[in-house]
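No experiment lies behind these values; they were computed from the predicted model shown. Every number for a ligand or one of its atoms is a count from 1 in the order of the listing. Just the heavy atoms: all of them, side chains too, but no hydrogens, waters or symmetry mates, feed the values below.
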Amino acid sequence: MNLNEYRVLDSGNKQKLEQVGPYRIIRPALNAFWQPSLPQKEWACADATYIRDSSGSGKWSYRNRLPEQWTVDYAGFKLLLKPTGFGHLGFFAEQYRNWDYFRNIKNVLGLREVNALNLFGYSGLGTMAMAQGGCSACHLDAAKGMVDWGREIRKLNEKTVPDNIRWIVDDVIKFTNREVRRNSKYNLIALDPPSFGRGSSGQVWKIEEDLPKLLSICNQIIDHDKPFSVVLSCHSPGFSSIVLENLLSEAFGKGEFVSTEMTVPTQSGRLLPCGISTTFIRK
Ligand SMILES: C[S@@+](CC[C@H](N)C(=O)[O-])C[C@H]1O[C@@H](n2cnc3c(N)ncnc32)[C@H](O)[C@@H]1O
């Protein structure tokens, strides 16, 4: 597996220095409270810096302008990256271990057929890993632009990602409630909820209020007659591994948990924490 075209070169002063294919980029890393380990000249030659302002939005500042889009090989995918106005590039590098889990899900669950659902699916890499694992995969995101981006990346990877993906633009609560009424059943559900979001018709998503509600709806569409798994990852302050485990057991009952602090490939050896991922499994 080639993780080499993306890595964090250094972190510190609440920022991270990333090598993204041929481009060197500085972006916020709000929990990097330490000092950088590389000399200042390594940071000073970055091509672009994303600066966040106090309102929570931000802008790119360029030493060398980045292209509108470029491709990078990372963790088994060819990624199509675009610097967005909110500082994203179109992938969350710390999800790569979950992608491997999805690729192996049939073995993990001991099932010949797996129906998988990826909520808050973003640019679709988790969904594509589910498809690579032989699942019938359903991708859901409220933003049509993200779903279109996911389809574009799927096309770019058509030799390695089967076309068994349902791409859906909808609000997560609305869609899952509809799946309950249709009596749809899934063996694997993945969720990577933001702290705050908007559904496809402007519905407000607030993680503190809505995540317990969403997990309880998910419990109604999980196939309890067979082994199943739920992968919940989170970047929101206060959502520790114990919080995630308590929420999952409240919704799904007894099962086994594996929680990990997510991180990304680094050059310095000093890990950069990038949220928590908890895998729930009932066999
Ligand atoms: C990938 S998650 C965020 C990842 C990461 N956890 C973070 O905090 O930035 C964000 C995705 O959720 C989607 N989203 C936000 N609110 C939503 C909602 N109510 N229904 C469906 N998707 C939603 C957004 O469009 C976006 O692609």
(request) Check each atom of ligand 1 against the heavy atoms of M146 and keep those under 4.0 Å away; list them by number with element. (result)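 Result: 27 (O).
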(message) Quick check on contacts: which atoms of ligand 1 are under 4.0 angstrom from a heavy atom of G197?
(response)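 That gives atoms 15 (C), 16 (N) of ligand 1.
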(request) List in chain and number order the residues that pass salt bridge (Lys or Arg N to Asp or Glu O under 4.0 Å) with R282, two or more places apart in sequence or in another chain; answer none if no residue qualifies. (result)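 Salt bridge (Lys or Arg N to Asp or Glu O under 4.0 Å) list for R282, sorted by chain: empty.
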Heavy-atom nearest neighbour in the protein, as seen from [atom], with distance rounded to 0.1 Å:
atom                    : result
atom 19 (N) of ligand 1 : D171 OD1, 2.8 Å
atom 14 (N) of ligand 1 : F120 CD2, 3.7 Å
atom 20 (N) of ligand 1 : V172 N, 3.0 Å
atom 17 (C) of ligand 1 : R198 O, 3.5 Å
atom 22 (N) of ligand 1 : A142 N, 3.1 Å
atom 3 (C) of ligand 1  : D192 O, 3.8 Å
atom 9 (O) of ligand 1  : F92 CZ, 3.8 Å

(request) Indicate yes or no: does E42 engage R24 in a salt bridge with an N to O separation below 4.0 Å. (result)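 A salt bridge is present here (some side-chain N lies under 4.0 Å from a carboxylate O).
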(message) Regarding K16 and E94, does a basic nitrogen lie under 4.0 Å from an acidic carboxylate oxygen?
(response)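 E94 and K16: not salt-bridged.
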(message) Less than 4.0 Å is my threshold; does some heavy atom of V204 fall inside it relative to ligand 1?
(response)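 Checking ligand 1 against V204, which is what was asked, there is no heavy-atom contact under 4.0 Å.
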(message) Any heavy atom of P193 closer to ligand 1 than 4.0 angstrom?
(response)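 So P193 counts as touching ligand 1.
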(request) Please work out which of A143, P194, G150, G126 has its closest non-hydrogen atom nearest to atom 8 (O) of ligand 1. (result)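 It is P194 that holds the nearest heavy atom.
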(request) Kindly indicate whether the side chain of Y186, heavy atoms from C-beta on, has any atom under 4.5 Å from the side chain of I221. (result)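 Y186 vs I221: side chains touch.
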(message) Are the side chains of I153 and S123 in contact, using a 4.5 Å heavy-atom criterion?
(response)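 S123 reaches I153 side chain to side chain.
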(request) Quickly, which of F175, F92, W205, F196 forms a ring-ring contact (aromatic ring centres under 6.0 Å, His included) with F120? Name it, please. (result)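 Running ring-ring contact (aromatic ring centres under 6.0 Å, His included) over F175, F92, W205, F196 with F120 returns exactly one hit, W205.
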(request) Kindly compute the distance separating OH (Y50) from CD (E18), expressed to the nearest 0.5 Å. (result)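 Y50 OH to E18 CD: 13.0 Å, rounded to 0.5 Å.
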(message) What's the separation between atom CG in L109 and atom CD1 in I281, rounded to the nearest 0.5 Å?
(response)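 That separation rounds to 5.0 Å.
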(request) Apply side chain to side chain contact (heavy atoms under 4.5 Å, CB included) to L81 and Y23, showing your working. (result) CA-CA 11 Å; L81 305 183; Y23 304 106; over 6 Å; no
Output yes when the distance from some N or O of ligand 1 to some N or O of [X] is under 3.5 Å, and no in every other case.
X    : value
D141 : yes
L140 : no
H235 : yes

(request) Please confirm whether F77 and F91 have ring centers closer than 6.0 angstrom. (result)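 No, ring centres 6.0 Å or more apart.
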(request) For ligand 1, note which part of D170 has a heavy atom under 4.0 Å away: side chain, backbone, both or neither. (result)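 Answer for D170: backbone.
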